[in-house]
Amino acid sequence: MKKLWFFLLISVLLLSGCGKKEQLVASAELFEVTDGTTSDGVAVGDGKSEFVKAYSNYVIQAAYTDVESSYMVMSINEIPYDESISTLIANFFIDNVPMSEEDICEENDIEDTELYSLLSSSDYLREHEVIYRYLRFLWENSVITDIDTGEFNYNETYEVPKAES
């Protein structure tokens with residue numbers, strides 16, 4: 001199941017790519033959830049207004065949960081909250097520094113099509129710790145029914161530990 005999620009999230013990454021969209025890069029604190037409440041105070045049972053107020057400066061991805069679909073970047077105001085959906089806020093942490101896909105592409109002088117190859121390469125993983133974190137909200141009838149957070153550690157997934165400095 002973990003591998004399935006990993007590949008689903010990778011496809012999201014490739015679809016969103018290293019485009020020119022402006023996004024707020026989430027700090028590690030954003031991905032903390034305690035007793036069904038996020039660090040920004042959004043909780044199970046909240047609706048669109050609380051979600052938009054807390055996360056309007058982030059890139060939001062949405063996917064339908066009752067059919068097989070992929071996450072798509074959507075405007076926070078155009079998401080169909082009244083349907084069975086999942087929304088996701090995610091970004092990478094390279095050596096514990098939060099980075100957008102665009103930042104990674106610029107820093108490594110690569111195109112968006114090369115991002116997956118870079119982040120899964122043994123050479124890159126020996127030099128860097130790469131973690132993909134996400135905050136996911138499940139929605140039913142315009143209400144958040146579940147909030148979870150998770151991460152994928154590329155070094156562990158590809159079994160390439162970062163070399164000691």
Side-chain angles (χ1 to χ4, degrees), residues 1-2 5-63 65 70-79 81 85-108 112 115-116 118-120 124-125 127-140 142-158 160-162 165:
M1 182 68 163
K2 183 177 180 180
W5 261 105
F6 174 73
F7 289 113
L8 179 65
L9 292 174
I10 286 300
S11 66
V12 170
L13 166 69
L14 293 175
L15 290 173
S16 60
C18 298
K20 295 184 180 9
K21 61 184 173 276
E22 201 61 39
Q23 79 180 46
L24 188 58
V25 178
S27 67
E29 292 78 29
L30 181 97
F31 301 98
E32 295 174 7
V33 177
T34 305
D35 296 327
T37 303
T38 69
S39 61
D40 292 312
V42 175
V44 170
D46 285 346
K48 177 183 175 181
S49 62
E50 294 89 354
F51 183 78
V52 170
K53 182 178 178 186
Y55 302 115
S56 61
N57 292 324
Y58 295 94
V59 171
I60 307 295
Q61 300 167 25
T65 56
S70 297
Y71 281 94
M72 305 173 288
V73 174
M74 295 185 78
S75 164
I76 198 165
N77 293 312
E78 294 176 355
I79 294 172
Y81 296 98
I85 59 162
S86 172
T87 55
L88 187 75
I89 301 170
N91 65 264
F92 286 98
F93 287 77
I94 309 296
D95 299 325
N96 294 315
V97 176
M99 297 185 75
S100 69
E101 292 90 353
E102 184 177 85
D103 293 338
I104 298 168
C105 289
E106 287 178 14
E107 186 173 287
N108 293 282
D112 60 336
L115 188 57
Y116 175 75
L118 173 73
L119 296 178
S120 61
Y124 190 80
L125 292 172
E127 296 295 320
H128 302 282
E129 179 184 54
V130 179
I131 297 174
Y132 179 81
R133 291 192 174 121
Y134 63 89
L135 181 61
R136 183 177 52 190
F137 301 82
L138 297 180
W139 296 80
E140 290 288 336
S142 302
V143 175
I144 298 170
T145 59
D146 192 24
I147 302 171
D148 70 339
T149 186
E151 68 179 36
F152 290 104
N153 183 314
Y154 277 58
N155 300 79
E156 289 175 5
T157 301
Y158 289 102
V160 182
K162 180 181 175 189
S165 302

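As a basis for the values below, the full set of heavy atoms in this structure was taken, side chains included, without hydrogen atoms, waters or symmetry mates. Worth saying up front: this structure is predicted, and the values here are computed from it rather than measured.
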Go through the side-chain N and O atoms of E29 and S27 and say whether any donor and acceptor fall under 3.5 Å apart.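 Indeed, the side chains of E29 and S27 share at least one donor-acceptor pair under 3.5 Å.
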Which heavy atom in [X] sits nearest to a heavy atom in [Y], and how many Å separate them?
{"X": "E140", "Y": "T145", "result": "CB-CG2, 3.7 Å"}
{"X": "A43", "Y": "T37", "result": "CB-OG1, 3.5 Å"}
{"X": "V42", "Y": "A54", "result": "CG2-CB, 3.5 Å"}
{"X": "Y154", "Y": "L119", "result": "CD2-O, 3.2 Å"}
{"X": "S86", "Y": "Y71", "result": "OG-OH, 2.5 Å"}
{"X": "S70", "Y": "A63", "result": "O-CB, 3.6 Å"}

Do [X] and [Y] have side chains that approach each other closer than 4.5 Å (heavy atoms only, starting at C-beta)?
{"X": "Y58", "Y": "N91", "value": "no"}
{"X": "Y55", "Y": "F137", "value": "yes"}
{"X": "R133", "Y": "L30", "value": "no"}
{"X": "K162", "Y": "V130", "value": "no"}
{"X": "L115", "Y": "N108", "value": "no"}
{"X": "Y81", "Y": "V52", "value": "yes"}
{"X": "I144", "Y": "W139", "value": "yes"}

Any donor-acceptor pair under 3.5 Å from E106 side chain to D103 backbone: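 It does not hold such a pair.
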If you measure from [atom1] on [X] to [atom2] on [Y], what distance do you get to the nearest 0.5 Å?
{"X": "L135", "Y": "D148", "atom1": "CG", "atom2": "CG", "answer": "8.0 Å"}
{"X": "D112", "Y": "I104", "atom1": "CG", "atom2": "CD1", "answer": "12.5 Å"}
{"X": "K48", "Y": "T87", "atom1": "NZ", "atom2": "OG1", "answer": "12.5 Å"}
{"X": "L88", "Y": "I60", "atom1": "CG", "atom2": "CD1", "answer": "8.5 Å"}
{"X": "E101", "Y": "Y132", "atom1": "CD", "atom2": "OH", "answer": "7.0 Å"}
{"X": "E156", "Y": "I131", "atom1": "CD", "atom2": "CD1", "answer": "7.5 Å"}

Is it true that atom CG of N77 has more than 12 heavy atoms of other residues, nucleotides or ligands lying nearer than 6.0 Å?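 Yes, CG of N77 has more than 12 neighbouring heavy atoms, counting only those of other groups under 6.0 Å.
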Residues forming a ring-ring contact (aromatic ring centres under 6.0 Å, His included) with Y124, sequence neighbours excluded: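 By the ring-ring contact (aromatic ring centres under 6.0 Å, His included) rule, Y124 matches H128.
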